[in-house]
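Just so we're on the same page: letters track the sequence lines, and every chain starts at 1.
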Amino acid sequence: TASYNALINSLILANHTAAASATFSSLLSSGLPLTTSSLTIFLKILLSSTRANRFDSAYSLLDKMLQYGPPPDAVTYSTLIGALSRAGRIKEAFGILDLMLDNKCCPTPQTYNSLILGYCSQGKIKEAKHFVALIESYGFAPDTFMYTVLIDALSRNGEFDEVESILGESQVKGWKPDEVTYNVYMNGLCKARRIDKAFRLLDTMRCNGLVPNLDTLNILFDCLCRDSMLQEAMDLFGKSSELDWFPD
RNA sequence: GCACUGCUUGA
């Protein structure tokens, strides 16, 4: 069963949905037992369909799992919540969170992060912040993913003071910004033409022991080129090897 | 043991 699961999931990741479905059918006819993972992967197949009713089939799968087993677990719920959030169906995503709690299934960081990302991608930053405050007040330990999603949204919205204050209290709250956190911040600064500040963050990154990665480099290039600072871009490109960066 | 979360440009 685990081998089938791994195979089917790889096919999904490679966008070979038809092959994934076919392989899932083989699993069904093999007589091997289906696990929660198997059905979570099947849920992903349903959700990757382009049909308008893909969520209806997802809901009915979830119902059947609740009724007959194997029962959904946190990954199953998070998978569905993530898909709903990405589709902008936040209200329904929260409905699944309620269902999850009703069934005594404990949410994970991925569960919450998917919901926060859903809010942020709809531009509902206030709601996202409110939700973060809420789960923290329930003792949920903040993680880097969660704050990076928030900082991404705030940065795209130009709310840099807010970003600074979130970063300022990160140590106290028990999380550390990573390279992606700085990347999203720098990306927002670049889009807002605050190029100087973006470059200063490079030093901050390195002081915190973080190595700028390929995305960092591309963010800075894009920003310099947009601002017709081609000369500076060329200079940076020339220096990239001595900074141990590897443009692709 | 296998399944769920964040960043750049390009259509």
Select base, sugar-phosphate, or nothing to describe what [X] touches, counting heavy atoms under 4.0 Å on all strands.
{"X": "A:V149", "result": "sugar-phosphate"}
{"X": "A:T1", "result": "nothing"}
{"X": "A:A2", "result": "base"}
{"X": "A:T144", "result": "base"}
{"X": "A:D178", "result": "base"}

How close or far is atom [atom2] of [N] from atom [atom1] of [X], stated in whole angstroms?
{"X": "A:I96", "N": "B:C4", "atom1": "CD1", "atom2": "P", "result": "18 Å"}
{"X": "A:I151", "N": "B:C7", "atom1": "CD1", "atom2": "C1'", "result": "12 Å"}
{"X": "A:N213", "N": "B:C7", "atom1": "CG", "atom2": "P", "result": "13 Å"}
{"X": "A:N187", "N": "B:U8", "atom1": "CG", "atom2": "C1'", "result": "6 Å"}
{"X": "A:L7", "N": "B:A3", "atom1": "CG", "atom2": "P", "result": "13 Å"}
{"X": "A:I41", "N": "B:G1", "atom1": "CD1", "atom2": "C1'", "result": "13 Å"}
{"X": "A:L32", "N": "B:G1", "atom1": "CG", "atom2": "P", "result": "19 Å"}
{"X": "A:N183", "N": "B:U9", "atom1": "CG", "atom2": "P", "result": "12 Å"}

Picking from [options], which would you name as closest to the side chain of [X]?
{"X": "A:T76", "options": "B:A3, B:C7, B:C2", "result": "B:A3"}
{"X": "A:D152", "options": "B:A3, B:U5, B:G6", "result": "B:G6"}
{"X": "A:V184", "options": "B:C7, B:G6, B:A3", "result": "B:C7"}
{"X": "A:D215", "options": "B:C4, B:C7, B:U5", "result": "B:C7"}
{"X": "A:T40", "options": "B:A3, B:C4, B:G6", "result": "B:A3"}

_A:E92/A:R89 ion pair, N-O < 4.0 Å_ =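 So A:E92 pairs with A:R89 through a salt bridge.
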*asked:* Under 3.5 Å, is there any donor-acceptor pair linking the side chain of A:S37 to the base of B:C2?
replied: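 Donor-acceptor pair under 3.5 Å: yes.
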*With distance as the sole criterion, do the side chain of A:D222 and the base of B:U9 form a donor-acceptor contact below 3.5 Å?*
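Not at all, since no donor on one side and acceptor on the other fall under 3.5 Å apart.
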*A:K191 vs B:U9: side-chain N/O to OP1/OP2 distance below 4.0 Å*: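 True: A:K191 side-chain N/O within range (under 4.0 Å) of B:U9 OP1/OP2.
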*Taking only the side-chain nitrogens and oxygens of A:R156, find out if one of them lies under 4.0 Å from OP1 or OP2 of B:U8.*
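Result: yes.
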*Please check if any side-chain donor atom of A:Y185 sits under 3.5 Å from a side-chain acceptor atom of A:E164, or the reverse.*
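Looking only at side-chain atoms, A:E164 and A:Y185 do form a donor-acceptor pair, the distance falling under 3.5 Å.
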*Looking at A:D143, A:T181, A:N113, A:N183, which one forms a side-chain hydrogen bond (donor to acceptor under 3.5 Å, both in side chains) with A:T148?*
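Going through the options one by one, the only one that passes is A:T181.
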*Test item: A:S170 side-chain N/O and A:L167 main-chain N/O as donor-acceptor pair under 3.5 Å*: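 Indeed, once roles are kept as given, a pair shorter than 3.5 Å links the two residues.
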*asked:* For the backbone of A:T76 and the side chain of A:D73, can you confirm whether one donor and one acceptor N or O come within less than 3.5 Å of each other?
replied: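 A pair under 3.5 Å: yes.
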*Same cluster for A:V75 and A:I12 if Ile/Leu/Val/Met/Phe/Trp/Tyr side chains link at under 4.5 Å?*
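The answer is no; the residues belong to distinct hydrophobic clusters.
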